[in-house]
Amino acid sequence: MSTSLQINSIDFELQVFDRDFILMKPLEALNDLHLIGKAIYKENLQFVEEVICTETEICLKLNEKFTTDSIETLQAVNPTTNSIAREYKLPILINRESSDWAEIESVSGLTSNQYIQQVLSSSFMVSMLGFLPGFLYMKGLEKHLHIPRKKTPSKKVKRGSIGIGGPYLGLYSLESPGGWNIIGETPLKILNTTALPLLDLEPGDKIKLKEISQQTFSALENNPITIEEYNGLL
Amino acid sequence: MGSCKIIKPGLLSTIQDSGRKGLRYYALPASGYLDTEAAHLAHMLVGNKKESALIECNYIGPTIEFNSQAYLALTGADMQWAINKEPIQLNTTHAINPGDVLSSKIALDGIRAYIAINGTLSGNRHFGSASTYLPAGLGCNNGTALQKGEIIMWDEHSEKPALISIKKENKQSELIRIKRGPEYTLLTEKSKTALIEAHYLVTTDSNRMGARLDGEELETTRSLQASVATLPGFIQLPPSGKPIVVLQDGQTTGGYPRIAYIPEEELSLFNQLAFRKPFRFQLIN
């Protein structure tokens, strides 16, 4: 079943898959879909078991409490539109030995040093969380810096790794297999597995990378602090 | 406090409960039982609440020595369970004495089995759940699979369970019911037919995150431009044309077309399909 819905004068196509799940797709591309996703998540709607928000859709997993009146409840969700984006510096130790530089240099036509300088001067915004806990997708790379993901993913990417995948800068909070081109590593841990919120960063947060030395990296790795605390020290 | 010692861990034995729901927003999957019905039956037989923690075994079961008296039940796949080498019944409450050894072999039907013990298993809870989620090290047992020599402990309930035996045939379905997914219409006409007519099988290259299927390769008319949401049961189609079913520990977003999905109530049946056993999909909407 497909119907329509309006939240904050934004029009959505609403695709209802039986009583299993709903997809909400904005009719026009939206930069801050995450604000609506967050509002729905915070609302703790009785008939919703899970909320997933990507850049193009919001997915709601339904439970047995879903009724025909539920859509009206969904429509009444009121996102705050005037929230001020938080801005953070994310420390990175550039990995000049990464085996991925050959690919980055060949695709971008830049030397690794030129590429690093341009990434360090770029402004990013966290655009999405997924596919594993603590994986951040950040937008803001200019087109000539886009590097396709590897055809054959690496078996093991270290926790804290920062890489380029297509148009995104990505951060791996967990060790996992992965196909992104690794440029460096952050010593900060933004994933908390013992308390909510699970992550110290959220969609909408503005990020700039800050290059750090091996010495600073080791100091931060041995004395873990949050990104909030790190930025307070700068 | 009751306890037992893992003599052999089996292929992959983990502690699971009904999972940590509601955290996919942060890209954390719920985890939890792969065969919910079998897990609920095991808990019922030993007098536990149905959302409690138990041991989930995959394909080859463990060998466990009990240090204390216990009531336990084995459900799901028939892993040729025995106590002190004497074969014992599935789907039955068993009273165990200190020193007894529970052993098992390869699964004869299905691939997931459950060991429920009367009581509450000790160990960490993350966001209220004991379910083991290996990628982030969450759940009881420090988020790891059971290891040789490990001790499992529990607080037994004050009330003893009735000794019950249930007659139940393990269903090995050759037909898995599916519904059209968000990107079903991207399938070519030929692939729409193949999806429901061709035989597929679950490969051994599968885990709690996803089941990789082998069978006729499917095609879509285009690929996706952006990452989309995924839930357990979603059938994704990667460029290889061989579908992948997202399971309980599966990723929360993905870049592949979601051609169909196995509804939640059908997922237990799918999760019991033996490796490499041919089955077909049946479209029900």
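Below, chain A is the first sequence line, B the second, and so on; all start at residue 1.
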State whether the number of non-hydrogen atoms from other residues, nucleotides or ligands found under 6.0 Å of [X] atom [atom1] is greater than 12.
| X | atom1 | result |
| --- | --- | --- |
| A/Glu142 | CD | no |
| B/Glu51 | CD | yes |
| B/Tyr256 | OH | no |
| A/Gln46 | CD | no |
| B/Lys179 | NZ | yes |
| A/Lys206 | NZ | no |

query: After noting the C-alpha distance and the side-chain angles of B/Leu231 and A/Ile52, does the key distance pass the side chain to side chain contact (heavy atoms under 4.5 Å, CB included) rule?
result: CA-CA 9 Å; B/Leu231 292 169; A/Ile52 303 167; 4.0 Å; yes
Who wins among [options] for the most heavy-atom pairs under 4.5 Å with chain B?
| options | result |
| --- | --- |
| A/Arg159, A/Lys38, A/Gln15 | A/Lys38 |
| A/Asn44, A/Ile58, A/Val48, A/Thr194 | A/Thr194 |
| A/Lys61, A/Glu55, A/Glu175 | A/Lys61 |
| A/Leu199, A/Leu129, A/Thr54 | A/Thr54 |
| A/Gly166, A/Ala195, A/Gly130, A/Pro133 | A/Pro133 |

Segment of [X] engaging chain B (4.5 angstrom heavy-atom cut-off):
| X | answer |
| --- | --- |
| A/Thr56 | side chain |
| A/Asn63 | neither |
| A/Leu198 | both |
| A/Pro197 | both |
| A/Leu191 | neither |

- prompt: Parallel, tilted or perpendicular for A/Tyr41 and B/Tyr25, by the 30°/60° rule?
  reply: parallel
message: If you count heavy-atom pairs within less than 4.5 Å of chain A, which of B/Pro135, B/Pro29, B/Ala136, B/Pro182 leads?
response: B/Pro182
- prompt: Below 4.5 Å, heavy atoms only, C-beta onward: do B/Met209 and A/Leu132 meet side chain to side chain?
  reply: yes
message: Can you confirm whether B/Glu264 sits close enough to A/Asp20 that some side-chain heavy atom of one is under 4.5 Å from a side-chain heavy atom of the other?
response: no
Identify the two heavy atoms, one from [X] and one from [Y], that lie closest to each other, and give their separation to 0.1 Å.
| X | Y | result |
| --- | --- | --- |
| B/Arg258 | A/Leu23 | NH2-CD1, 3.7 Å |
| B/Gly181 | A/Phe17 | C-CE2, 3.9 Å |
| A/Asn192 | B/Phe127 | O-CZ, 4.1 Å |
| A/Glu50 | B/Ala30 | OE2-CB, 4.2 Å |

- request: Verify whether the ring centers belonging to B/Phe234 and A/Phe21 lie closer than 6.0 Å.
  value: yes
Test log, rule ring-ring contact (aromatic ring centres under 6.0 Å, His included), inputs A/Phe135 and B/Tyr26: CA-CA 9 Å; A/Phe135 191 92; B/Tyr26 294 108; over 10 Å; no
query: What distance separates B/Thr230 OG1 from A/Phe131 CZ, expressed to the nearest 0.5 Å?
result: 10.5 Å
message: Does this structure show an ion pair linking B/Arg24 with A/Glu49, if we count only N-O contacts that are shorter than 4.0 Å?
response: no
- prompt: Is there a donor-acceptor contact under 3.5 Å from the side chain of A/Glu57 to the main chain of B/Ala229?
  reply: yes
